[in-house]
Number of protein chains: 2
Amino acid sequence: MQGYDKYAFEPFAVTVDLAVFTIREGGLRVLLVERGEQPYAGRRALPGGFVQPDESAETAARRELAEETGLSDVAGLHLEQLRTYSEPDRDPRMRVVSVAFTALVPNAPDVYGGSDAARADWLPYTEHRPGYAPLAFDHDQVLADAHDRVGAKLEYTGLATAFCPPEFTLGELRQVYQAVWGAELDPANFRRKVLATPGLVEPVPGAARLTGGRGKPAALYRAGGATALHPPLLRPEGRS
Amino acid sequence: MQGYDKYAFEPFAVTVDLAVFTIREGGLRVLLVERGEQPYAGRRALPGGFVQPDESAETAARRELAEETGLSDVAGLHLEQLRTYSEPDRDPRMRVVSVAFTALVPNAPDVYGGSDAARADWLPYTEHRPGYAPLAFDHDQVLADAHDRVGAKLEYTGLATAFCPPEFTLGELRQVYQAVWGAELDPANFRRKVLATPGLVEPVPGAARLTGGRGKPAALYRAGGATALHPPLLRPEGRS
DNA sequence: TCTCTTTATAGTCGTCGAGACCATTAAAGA
DNA sequence: TCTTTAATGGTCTCGACGACTATAAAGAGA
């Protein structure tokens, strides 16, 4: 780690890859692009790009997130580093080290294909997809790791609110858990646990309620300031 | 992410930094080296080094771990990627992206200073050290992140056994939790919870017991195959 | 040798959280 | 109006956990 010459080493390219999730129609979706060039032309891949010389990986990831989703307000979105993938042969062209991130987007708008010419879509996430074509590079692994991380963080953090708009009902919040975990939750028990957890959510003043849907109108809540949950909100069974 | 020239970008140097923990005299210790060169000459730092062109970050981390600790059997040690630090100015000399790892070592031998000329020591980890000189680079942050991760993983994985020799008593295992969490645990309740968790530990056949210490001889156990704990083994209070 | 200290191990008891389940309320839709 | 749907409120039981007490088996010191 001492006295080194910046050209004495094989140059590493550093990129970011993004696993961007949203909830749509009660199901978990992930943002995937279709590659236009070799290698892996025509394959689906996670959006991503190079880290520029003057930015950190986090900055690059947020820039890419804005470019790929077309969202203007990307500052408030949840973005979290997942891990770094550095196998020497993960990109056949040259040595690429990729820092993977997970992002959570509420109310995702349709995407038109971002900065690259490649198409981009919100595709349903299905954990074990037998018939699906594998993603480019090691992105199947990255995506699986990202899903594991998000599912685990729902248990002991208030992360689920990042999938919701600023004001939401407990039913919407419950759908987040159900979509990510792929499990049914009892509405009454879920409500009791969420409200018993200090700082998870707080009611919107003025007894605001959401009408227009079916059934009894639900009360509206905002995200609370809590990041760590005590006690955790455990998922039903020993799923991965 | 298409058609790029390997010299069209500022070359990034990629390094690994290691936060290596062990338990000694009932307390948590961390392996720190003393830097011999600028910048930060004389400061303590986490051990680490460059990733070579033909190795992954994980491979580089394990190689550095062997070099710095002087351990011959480094294959079975717990080594886990923490996160990647990529702020553009984190190293004043050039652009360095560092992948940080956490390693757990049982029965740590003394270290003589590794491949670098710098001295290396197992220093007590004290979470809030007011009077201590800060570490080099952003290593205070890295070390704090590593400690958080290890503490959290003790709760819901069988990680604690990685701090223990192949055969250990429940008292030794309890000391691991106490050292990392900085909290006292009731021996009887700890025993009940550990034995009630399937796959955490298994008794050594032949009713082997450890004698020679004070008190009643304790039964010996081995690490079980469980990686995830159901239910988790929660720490006493809402500590960080 | 006898006693004290230390640590492991066993058991008890009260509290609390969690899941299963039922009942009621209030809206939309036919 | 009647049915359907979803939110909300309540009860019950079980199991986990923390606090606590008791017993067993070794070393240390008198």
Side-chain angles (χ1 to χ4, degrees), chain A residues 25-26 154-156 164 167-179 181 183-204 207-221 226 228-239, chain B residues 25-26 154-156 164 167-179 181 183-204 207-221 226 228-239:
Chain A
E25 298 168 19
L154 288 192
E155 291 192 346
Y156 55 92
C164 296
E167 299 188 346
F168 52 86
T169 69
L170 294 185
E172 291 175 297
L173 188 65
R174 181 166 48 84
Q175 287 219 356
V176 172
Y177 281 89
Q178 292 183 160
W181 287 348
E184 294 275 311
L185 296 177
D186 181 87
N189 291 337
F190 179 81
R191 171 190 182 79
R192 177 159 42 85
K193 277 166 76 167
V194 167
L195 294 183
T197 303
L200 215 199
V201 300
E202 54 187 27
V204 171
R209 294 188 164 263
L210 180 71
T211 181
R214 315 263 284 213
K216 179 174 176 177
L220 286 173
Y221 293 86
L229 265 38
H230 286 287
L233 217 157
L234 296 175
R235 68 187 92 184
E237 266 313 292
R239 296 175 44 83
Chain B
E25 298 167 18
L154 288 193
E155 291 193 346
Y156 54 94
C164 296
E167 299 188 347
F168 52 87
T169 69
L170 294 185
E172 290 174 297
L173 188 65
R174 183 166 46 85
Q175 288 221 354
V176 171
Y177 282 89
Q178 294 183 157
W181 287 349
E184 295 275 310
L185 297 177
D186 181 87
N189 291 336
F190 179 82
R191 173 191 182 78
R192 175 159 43 87
K193 276 168 75 168
V194 166
L195 295 183
T197 302
L200 217 199
V201 299
E202 52 187 30
V204 171
R209 294 188 162 261
L210 180 70
T211 183
R214 314 262 285 213
K216 180 174 174 177
L220 287 172
Y221 293 86
L229 263 40
H230 286 287
L233 216 155
L234 296 175
R235 70 187 91 184
E237 266 314 290
R239 295 174 44 80

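Sequence lines set the chain letters: A, B, ... in the order given, protein chains first and strands last, and positions in each chain run from 1.
Between A:Leu234 atom CG and C:dG19 atom C1' there is a gap of 12 Å when expressed in whole angstrom units. Per the geometry, CZ belonging to A:Arg174 stands 15 Å off P belonging to D:dT5, to the nearest Å. Separating the CG atom of A:Leu170 from the C1' atom of D:dT8 is a distance of 10 Å, rounded to the nearest angstrom. For B:His230 and C:dA18, the NE2 to P distance is 15 Å, given to the nearest whole Å. Between the CG atom of B:Leu229 and the C1' atom of D:dA16 there is a distance of 14 Å, given to the nearest Å. Per the geometry, CD belonging to A:Gln175 stands 13 Å off C1' belonging to D:dT5, to the nearest Å. Nucleotide D:dG18 holds its P atom 13 Å from the CZ atom of B:Arg235, rounded to whole Å. Rounded to an integer number of Å, the gap from CG of A:Leu173 to P of D:dA6 is 17 Å.
Note that the CD atom of A:Glu155 and the CH2 atom of A:Trp181 stand 5.0 Å from one another [nearest 0.5 Å]. Residue B:Leu233 holds its CG atom at 4.5 Å from NZ of B:Lys193, rounded to the nearest 0.5 Å. For the atom pair CG (A:Leu173) and CD (A:Gln178), the distance works out to 10.5 Å, reported to the nearest 0.5 Å. Distance check: A:Glu184 CD to A:Phe190 CZ gives 12.5 Å after rounding to the nearest 0.5 Å. Atom-to-atom distance recorded for A:Leu154:CG and A:Arg235:CZ is 7.5 Å, nearest 0.5 angstrom.
Using five terminal pairs a side, the axes of the helix from C:dT1-D:dA30 to C:dA30-D:dT1 at its two ends make an angle of 10°, given in steps of 10 degrees.
For B:Ala218, counting side-chain heavy atoms from C-beta on, the closest listed nucleotide (D:dA7, D:dG18, C:dT9) is C:dT9.
Counting heavy atoms from C-beta on, the side chains of A:Gln175 and A:Phe168 never come closer than 4.5 Å.
B:Thr169 is linked by a side chain to side chain contact (heavy atoms under 4.5 Å, CB included) to B:Glu172, B:Leu210, B:Ala218, B:Leu220, counting only residues two or more places apart in sequence or in another chain.
Listed pair B:Arg191 / C:dA8 fails the phosphate criterion, with no side-chain N or O lying under 4.0 Å from OP1 or OP2.
In terms of heavy-atom proximity, B:Gly26 sits nearest to B:Ala179 at O-CB, 3.6 Å.
Side-chain atoms of B:Tyr221 never come within 3.5 Å of backbone atoms of B:Leu170 as a donor-acceptor pair (strictly under, hydrogens ignored).
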- Task: Scan nucleotides 20-30 of chain C nucleotide by nucleotide, 5' to 3', and note B when protein non-hydrogen atoms come under 4.0 Å of the base, S if they reach only the sugar-phosphate, - if neither.
- Result: BB---BBBSS-

